[in-house]
Amino acid sequence: YVTLGNAKAKKTVYVETSVHAREYMNTKFMMKVIEDYCRGYDTKKYKGKKYSTIFNNVKLVIMPMVNPDGVTISQYGPKKIRNAKLRENLYKIAGGVDFKIWKANARGVDLNRNYPVSYRARYQKRGSEGYTGTHAASEPETRAILSLLRKIRKTSKLKGVVNYHAMGSIAFGGCSKRGNVRKVTAAMYRRAVALTRYGSSAGYNAGKPSIGNFREYVVYKKKIPSITLEIGVRGCPLPSSQFPSAWRRNYRLVLEEAKLLRSK
């Protein structure tokens, strides 16, 4: 992960991408965001404030790729997984699915269904998507993120979390919890929609359980405001032709949220 800004800042915004393997365009996007923010750190301004001024009081912690094994599978297939046992098992659990659309990690667990919130063990089967794991936080990637969140909170106030997924050009920011978490999540969501012009998530998967979902874990278990942005408009992996649009709509998003959360 990357820490950008004043390492001693008392406030932090956490950003993560590529939880799902086939959504790896988000990693390319977020790496370019990091490069852009670093190049302009002392010279560029956003809404009258230098990047350095914004990030002096609220630092960014960015995880550009949560699921590296899964991304490798989506890009190259199981043949590039070095562990022979994992590689052999992938062919067994694939169920004929094209590896290009793989979402899970190399153990066939959907990492966005593996967090300890509304959890159901062994929901669905190991494979490309949907399998929750043998128990909550069963996966090393999940445990690594939980460990990082604990580390952040030891030295600063984690003010908000931004998650990038694909696809649909949709923003998620619903929160039934009352109080400050709901208020700040709503403010983050409004800023995101105004900037990206993404559609509302109202009614999306209505009636279906959000088992082990990371954003819901952050909001309801840890009481941290959080939003999710889904880039792109076609099936994943997104074609490279969609990168310019995703960049234009989103490159200022983290700046916008950091600026907002400086005063929260």
Side-chain angles (χ1 to χ4, degrees), residues 1-2 14-30 61-78 80-81 83 86-87 89-90 93-95 97 99-152 161-168 170 172 204-205 208-222 224 226-232 236-238:
Y1 64 91
V2 173
Y14 173 67
V15 186
E16 70 172 34
T17 80
S18 296
V19 173
H20 286 145
R22 66 191 186 190
E23 299 169 14
Y24 53 80
M25 183 180 283
N26 280 313
T27 294
K28 179 180 179 180
F29 158 72
M30 193 51 59
V61 173
I62 301 173
M63 181 70 74
M65 187 182 288
V66 175
N67 185 5
D69 292 351
V71 169
T72 296
I73 293 165
S74 179
Q75 290 182 328
Y76 305 108
K80 291 295 184 178
I81 297 297
N83 183 291
L86 282 176
R87 188 169 62 246
N89 193 52
L90 280 163
I93 66 176
V97 171
F99 285 109
K100 289 182 180 179
I101 63 169
W102 194 263
K103 290 179 70 176
N105 68 359
R107 286 154 49 95
V109 177
D110 189 326
L111 298 178
N112 207 34
R113 300 290 180 268
N114 192 234
Y115 286 87
V117 59
S118 303
Y119 184 78
R120 288 171 60 187
R122 297 182 175 87
Y123 183 72
Q124 296 190 17
K125 297 179 179 180
R126 289 187 189 273
S128 172
E129 60 183 286
Y131 180 64
T132 59
T134 55
H135 57 273
S138 61
E139 302 310 292
E141 298 92 342
T142 308
R143 294 193 297 272
I145 299 302
L146 294 176
S147 176
L148 177 57
L149 295 184
R150 288 192 295 269
K151 182 178 180 180
I152 292 170
V161 174
V162 177
N163 314 281
Y164 268 101
H165 283 261
M167 59 169 186
I170 300 171
F172 289 81
Y204 188 86
N205 280 347
K208 295 183 179 180
S210 295
I211 300 168
N213 179 271
F214 176 66
R215 193 186 82 87
E216 293 189 4
Y217 167 78
V218 168
V219 170
Y220 297 113
K221 291 291 187 178
K222 295 303 177 182
I224 302 167
S226 178
I227 60 172
T228 295
L229 287 306
E230 301 261 4
I231 71 168
C236 289
L238 295 172

- [ ] Under the side chain to side chain contact (heavy atoms under 4.5 Å, CB included) rule, what do Ile211 and Tyr123 come out as? Steps first, then yes or no, please.
- [x] CA-CA 9 Å; Ile211 300 168; Tyr123 183 72; 3.6 Å; yes
Open item on the list: Does Lys222 form a side chain to side chain contact (heavy atoms under 4.5 Å, CB included) with Leu149? I'd like the steps, not just the answer.
Closed with: CA-CA 10 Å; Lys222 295 303 177 182; Leu149 295 184; 5.7 Å; no
Open item on the list: Applying side chain to side chain contact (heavy atoms under 4.5 Å, CB included) to Ile231 and Leu238, what does each step give before you reach the verdict?
Closed with: CA-CA 9 Å; Ile231 71 168; Leu238 295 172; 3.7 Å; yes
Open item on the list: Could you go through Val15 and Val61, starting from their C-alpha distance and side-chain angles, then the distance that decides it, and tell me whether this counts as side chain to side chain contact (heavy atoms under 4.5 Å, CB included)?
Closed with: CA-CA 6 Å; Val15 186; Val61 173; over 6 Å; no
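Closest heavy-atom contact between Val66 and Pro68: O-CD, 3.2 Å. For Tyr119 against Gly133, the heavy-atom pair with the smallest separation is OH-O, 2.9 Å. A pairwise comparison of heavy atoms in Pro116 and Tyr217 identifies CG-CE1, 3.6 Å as the closest pair. Taking all atoms of both residues into account, the shortest heavy-atom contact from Phe99 to Pro78 is CZ-CG, 3.4 Å. Residues Asn213 and Arg113 come closest through the heavy atom pair ND2-NH1, 4.0 Å.
By the 4.5 Å heavy-atom criterion applied to side chains, Ile224 and Val219 are not counted as neighbours. With a 4.5 Å cut-off on side-chain heavy atoms, Ile81 and Leu90 count as touching. Side-chain atoms of Pro237 and Tyr24, non-hydrogen and from C-beta on, do get closer than 4.5 Å to each other. The side-chain heavy atoms of Ile93 and Lys125, taken from C-beta on, include no pair separated by under 4.5 Å. Between His20 and Asp110 the shortest side-chain heavy-atom distance falls below 4.5 Å. Side-chain contact between Val97 and Ser128 is present, with at least one heavy-atom pair separated by less than 4.5 Å. At least one side-chain heavy atom of Arg107 sits less than 4.5 Å from a side-chain heavy atom of Glu139. The shortest side-chain heavy-atom distance between Thr132 and Val109 does not fall under the 4.5 Å cut-off.
Of the inter-residue distances, the one linking Ile101 atom CD1 with Ile73 atom CD1 reads 13.0 Å to the nearest 0.5 angstrom. Note that CD of Gln75 and NZ of Lys80 are 11.0 Å apart. Values are rounded to the nearest 0.5 Å. In this structure, OG in Ser118 is found 7.5 Å from NZ in Lys221, a value given to the nearest 0.5 Å. The line from OH of Tyr164 to CD of Glu16 is 13.0 Å long, rounded to the nearest 0.5 Å. Separation of atoms OG (Ser226) and CZ (Arg215) is listed at 5.5 Å; rounding is to 0.5 Å. Taking CE from Met65 and CD from Glu23, the interatomic distance works out to 12.0 Å, rounded to the nearest 0.5 Å.
Without hydrogens or angle criteria, Tyr14 side chain to Met63 main chain gives no donor-acceptor distance under 3.5 Å. No donor-acceptor pair closer than 3.5 Å links the side chain of Asn105 to the backbone N or O of Leu111. Ser147 contributes no side-chain N or O that, together with a main-chain N or O of Arg143, makes up a donor-acceptor pair within less than 3.5 Å. At distances below 3.5 Å, at least one donor-acceptor pair connects side-chain atoms of Thr27 with backbone N or O atoms of Pro64. Distance alone, capped at 3.5 Å, is enough to place a donor-acceptor pair between the Asn67 side chain and the Ala104 backbone.
Residues Ser138 and Asn114 have side chains that bring a donor and an acceptor to within less than 3.5 angstrom of each other. No side-chain donor from either of Glu230 and His165 sits under 3.5 Å from a side-chain acceptor of the other. With 3.5 Å as the limit, one finds a donor-acceptor pair spanning the side chains of Ser210 and Glu216. Side-chain contact annotation: Lys151 with Tyr1, donor-acceptor N/O pair under 3.5 Å present. Asn26 and Ser18 are not linked by any side-chain donor-acceptor pair at a separation below 3.5 angstrom, with hydrogens and angles left out of the test.
Ring-plane geometry between Tyr115 and Phe214 is classed as tilted, the angle between the planes lying from 30 to 60 degrees on a 0 to 90 degree scale.
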